[in-house]
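Right, one structure below, let's go through it.
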Amino acid sequence: MGTKGKIIAVLMGESKSALSGLSPEEGKEGRSAPNYVGIVPLQKRIARLADTIDGQDVAFHVKGYAPDIITVEGIVEVEDIFHDRVFDLKEKVIDVARTILQKHNTYKNFEEEYGIFCVSEYVGDPEELLSFAPRIASFLKSEKATLDPKEIQQTLETSIKYAKDDLLIVDWDGAFIFDGSGQFDETIELLELANLQLLKYRILDYELDRRLDKLLKMLRRQQKERFSLFRSNDMKETVREMIHVRSQSIIEFETIERNIKLIGDWYSAKVYNLLEKKFHLEEWRKNIKEKFETLEDVYAMASENFAFSFSKRMEILLLVGWFVLQIGWFVLLLLEITYLR
């Protein structure tokens, strides 16, 4: 007889439009108080759907994180969580979740996929189930190939044990939650929160790259057109856009960091710290901060060049005006001489 369990296939994406008119999710059970609920971004309910995949009933919960992140959870109960078919079943659930996600007008290039495997029906310490370690490591890495024993060991080392009968093992592509009480909600939400932060960092990083590239192109074009008398307002508009994006990004960036630090209880904080290291969130933050600094330098350069060019144009216009004025006086002088004759 196999070990019963639950698969939760999570897929997140960025919507092209802001979310509105959504209902809050129902309260979830936590392990201890104080809880982090109310500090981290609150999920909003969008829809609940049902489907059948390979003869298995699958429930799909569609949720939203303000202002524009859509999350689809595909939930399915299985008789044996360690069976070979579970790997393929999870992938098929993700495929259906992707179809649902795309119906909400999301960007295809920005998605985060994560597999959560929940086990509660066991007796004794969950470590006894580590006889399935090769299968656990393969599921967490979304890898069908047989893994090296050292790789398996390293995967299992990224874990947290809170009570005697529970265990959490996390990796880049998935997590195994062993909890005899069946209280998975808080851990699942923390896992989704970490994926949310990773997705936001990816989006922000891309947006900064795109804006920086646009600004650099404008600067290069400005250099070529330095002595042009009449120029478009592209440079001015680009700088204005950069100021707006930079301001919005900094606000969002600092809010994310503040919310992470405000996670209150021991279990939540320790789990998130583990996820932060596994997802390399600190490296993402460092990289984005460096790009902010680069943008500040380029923005200063753009402002100086724009001001310099504007000053040059004014000087040229004044010179042209002075020459026109001189010509005018000269014409008037000729007319006066001609009249006197």
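The structure presented is a predicted model; accordingly, all values stated were derived computationally and were not measured.
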Between [X] and [Y], is there a shared hydrophobic cluster once you connect ILVMFWY residues whose side-chain heavy atoms come closer than 4.5 Å?
X: V86; Y: I152; value: yes
X: I116; Y: V271; value: yes
X: F184; Y: V170; value: yes
X: L275; Y: L196; value: yes
X: L191; Y: I160; value: yes

Working to the nearest 0.5 angstrom, can you tell me the gap between [X] [atom1] and [Y] [atom2]?
X: I100; Y: F60; atom1: CD1; atom2: CZ; value: 4.5 Å
X: Y272; Y: F279; atom1: OH; atom2: CZ; value: 8.5 Å
X: L198; Y: W284; atom1: CG; atom2: CH2; value: 6.5 Å
X: I188; Y: L193; atom1: CD1; atom2: CG; value: 13.5 Å
X: T187; Y: I177; atom1: OG1; atom2: CD1; value: 5.0 Å
X: Y162; Y: Q183; atom1: OH; atom2: CD; value: 10.5 Å

Would the distance check show the side chain of [X] and the main-chain N or O of [Y] forming a donor-acceptor pair, the cut-off being under 3.5 Å?
X: Y122; Y: G180; result: yes
X: D125; Y: E127; result: no
X: D213; Y: R210; result: no
X: K161; Y: K164; result: yes
X: D54; Y: Q56; result: no

So which heavy atom on [X] is nearest to which on [Y], and how close?
X: L167; Y: P126; value: CB-CG, 3.8 Å
X: G64; Y: L19; value: CA-CD1, 3.6 Å
X: A97; Y: V72; value: CB-CG1, 3.7 Å
X: R202; Y: F110; value: O-CE2, 3.8 Å
X: F87; Y: E143; value: CE1-N, 3.5 Å
X: L199; Y: E111; value: CD1-N, 4.1 Å

Any side-chain heavy-atom pair of [X] and [Y] under 4.5 Å:
X: I81; Y: F117; answer: yes
X: I70; Y: I46; answer: yes
X: K63; Y: H61; answer: yes
X: D205; Y: N287; answer: yes
X: I169; Y: T158; answer: no
X: K6; Y: I75; answer: yes
X: E186; Y: Y267; answer: yes
X: V96; Y: V58; answer: no

salt_bridge([X], [Y]) N-O dist < 4.0 Å:
X: K4; Y: E77; result: no
X: K92; Y: D95; result: no
X: R135; Y: D84; result: yes
X: K200; Y: E207; result: no
X: K141; Y: D171; result: yes
X: E113; Y: R98; result: yes

Checklist entry - Who pairs with S120 by side chain to side chain donor-acceptor pair (under 3.5 Å), at least two apart in sequence or on another chain? => result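 Expected list: none.
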Next on the checklist: side-chain contact (heavy atoms from CB on, under 4.5 Å), that's the test. Do I203 and I69 meet it? Break it down for me.
Outcome noted: CA-CA 11 Å; I203 294 170; I69 302 298; 4.2 Å; yes
Next on the checklist: Angle between ring planes, F176 versus F139, binned at 30° and 60°: parallel, tilted or perpendicular?
Outcome noted: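 F176 and F139: parallel rings.
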Checklist entry - Given the rule in the salt bridge (Lys or Arg N to Asp or Glu O under 4.0 Å) test, do R85 and D80 qualify, once you have shown the distances and angles that lead to the verdict? => result CA-CA 9 Å; R85 67 185 291 269; D80 186 1; over 6 Å; no
Under 3.5 Å, side-chain donor or acceptor atoms of residues 8-18 against the rest of the protein: list the pairs with distances, not counting sequence neighbours.
unit_1: S15; atom_1: OG; unit_2: S17; atom_2: N; d: 3.2
unit_1: S15; atom_1: OG; unit_2: S17; atom_2: O; d: 3.0
unit_1: S15; atom_1: OG; unit_2: H104; atom_2: O; d: 3.4

Item to check | K103 NZ: over 12 foreign heavy atoms closer than 6.0 Å | outcome: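 Count not over threshold, so no.
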Item to check | side-chain contact (heavy atoms from CB on, under 4.5 Å) between F82 and I136, intermediate numbers included | outcome: CA-CA 7 Å; F82 301 115; I136 292 173; 3.7 Å; yes
Next on the checklist: L89 vs I53, test: side-chain contact (heavy atoms from CB on, under 4.5 Å). Steps then yes/no.
Outcome noted: CA-CA 8 Å; L89 179 59; I53 301 174; 4.0 Å; yes
Item to check | Chi angles and distances behind the side-chain contact (heavy atoms from CB on, under 4.5 Å) call for R285, H280 | outcome: CA-CA 9 Å; R285 284 197 289 273; H280 306 290; over 6 Å; no
